[in-house]
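Not measured: the values here are computed from a predicted model.
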Amino acid sequence: MNGLADMVLWVTGAASGIGEATARLAAEAGAIVAATDVDADRLQRVESAITRASPRSTAFRLDVRDVDAIEAAAAAIVERYGRLDALAACAGVMSYGPALEVTASDWDRQHEVNVRGLFFCCQAAGRRMVARRQGSIVAVSSQLALIGRPGTAPYASTKGAIAALVKTLALE
């Protein structure tokens with residue numbers, strides 16, 4: 001039996017990259033995917049693919065910087081499907097540039113999406129999973145959580161934060 005068959009999976013950052021690949025592959029494996037992303041135009045293309053593979057799947061716009069919208073998204077998923085089995089937290093942004101030229105707005109944007117958004121998605125999903133006493137959360141990080149690379153100071157710091165955050169959430 002396929003471990004993803006009929007699993008209700010919420011994927012953030014589903015309009016591109018790892019999030020898109022996760023949404024598509026999970027739908028092809030039989031999961032019911034709730035794909036979310038801030039980029040509604042690209043997400044529409046992903047929705048077409050996942051609903052072809054898994055007709056009960058859906059996609060909708062979500063900006064993970066908006067905590068109220070995150071909570072509403074988790075509630076909507078449970079209302080639609082009756083449960084939330086798993087979260088694949090893939091939403092993330094990155095920009096390159098020397099540390100001496102990083103602006104406060106660029107730093108804040110990467111931390112708001114990559115760490116703060118991930119945390120509140122995990123919290124919203126986790127509340128529902130704890131209530132059912134089951135569920136899984138996968139948080140996407142990067143090798144830059146452990147190694148340095150010039151030009152990636154804000155991004156690498158977010159991925160290091162994710163590594164520490166996930167360890168703490170797992171213990172709780």
Side-chain angles (χ1 to χ4, degrees), residues 1-40 42-43 46-47 49-51 53-93 110-143 145-146 157-172:
M1 177 171 186
N2 181 344
L4 295 181
D6 294 319
M7 172 187 285
V8 178
L9 170 64
W10 176 15
V11 181
T12 68
S16 64
I18 294 170
E20 179 179 356
T22 300
R24 286 174 180 261
L25 291 170
E28 290 169 8
I32 301 164
V33 178
T36 62
D37 199 285
V38 70
D39 188 336
R42 291 179 74 171
L43 189 60
V46 173
E47 183 175 33
I50 65 172
T51 56
S54 176
R56 294 180 58 206
S57 293
T58 190
F60 55 93
R61 186 182 184 284
L62 173 65
D63 184 342
V64 297
R65 295 174 295 178
D66 183 340
V67 176
D68 292 335
I70 290 168
E71 186 60 33
I77 292 165
V78 172
E79 184 175 327
R80 180 174 181 154
Y81 300 112
R83 68 188 196 282
L84 173 57
D85 299 314
L87 166 67
C90 304
V93 295
Q110 290 183 65
H111 281 263
E112 286 171 358
V113 172
N114 298 2
V115 182
R116 185 176 182 267
L118 180 138
F119 172 77
F120 285 105
C121 288
C122 289
Q123 183 186 67
R127 284 182 177 137
R128 284 138 181 99
M129 293 173 187
V130 166
R132 290 183 61 228
R133 300 186 57 83
Q134 64 183 22
S136 300
I137 296 175
V138 175
V140 174
S141 186
S142 166
Q143 67 179 353
L146 304 173
S157 68
T158 68
K159 296 306 178 172
I162 290 168
L165 175 62
V166 167
K167 289 175 188 175
T168 301
L169 293 176
L171 291 170
E172 286 190 26

Heavy-atom donor-acceptor pair, Ser57 side chain to Ser54 backbone, under 3.5 Å: yes
Arg128 side-chain N/O to Leu84 backbone N/O, donor-acceptor pair under 3.5 Å: no
Give, for atom [atom1] of [X] and atom [atom2] of [Y], the distance between the pair rounded to the nearest 0.5 Å.
| X | Y | atom1 | atom2 | answer |
| --- | --- | --- | --- | --- |
| Asp68 | Asp63 | CG | CG | 12.0 Å |
| Leu62 | Leu43 | CG | CG | 10.0 Å |
| His111 | Arg65 | NE2 | CZ | 14.5 Å |

Determine the minimum heavy-atom distance between [X] and [Y], stating which atoms define it.
| X | Y | value |
| --- | --- | --- |
| Cys90 | Val11 | SG-CG1, 4.3 Å |
| Ala88 | Thr22 | CB-CG2, 3.9 Å |
| Ile50 | Ala23 | CG2-O, 3.6 Å |

Determine whether [X] and [Y] make a side-chain contact, defined as any pair of heavy atoms from C-beta on separated by less than 4.5 Å.
| X | Y | answer |
| --- | --- | --- |
| Val33 | Trp10 | no |
| Arg56 | Tyr81 | yes |
| Gln110 | Val115 | no |
| Ile137 | Met129 | yes |
| Ile77 | Phe60 | yes |
| Asp37 | Arg61 | no |
| Leu87 | Cys122 | yes |
| Arg127 | Glu71 | yes |

Show the atom names and distances, to 0.1 Å, of all donor-acceptor pairs under 3.5 Å that link a side chain in residues 158-167 to residues at least two apart or in another chain.
unit_1	atom_1	unit_2	atom_2	d
Thr158	OG1	Asn114	ND2	3.1
Thr158	OG1	Tyr155	O	2.6
Lys159	NZ	Val140	O	3.4

Worked check of side chain to side chain contact (heavy atoms under 4.5 Å, CB included) between Ser136 and Asp85: CA-CA 7 Å; Ser136 300; Asp85 299 314; over 6 Å; no
Stepwise side chain to side chain contact (heavy atoms under 4.5 Å, CB included) check, Arg116 with Val67: CA-CA 9 Å; Arg116 185 176 182 267; Val67 176; 3.6 Å; yes
Set of side chain to side chain donor-acceptor pair (under 3.5 Å) partners for Asp39, sequence neighbours left out: none
Side-chain H-bond candidate by donor/acceptor type, Arg80 with Thr58, under 3.5 Å: yes
Basic-acidic side-chain contact under 4.0 Å: Arg24, Glu20: yes
Phe120 and Asp66: CA distance, side-chain angles, deciding distance, side chain to side chain contact (heavy atoms under 4.5 Å, CB included) verdict: CA-CA 9 Å; Phe120 285 105; Asp66 183 340; over 6 Å; no
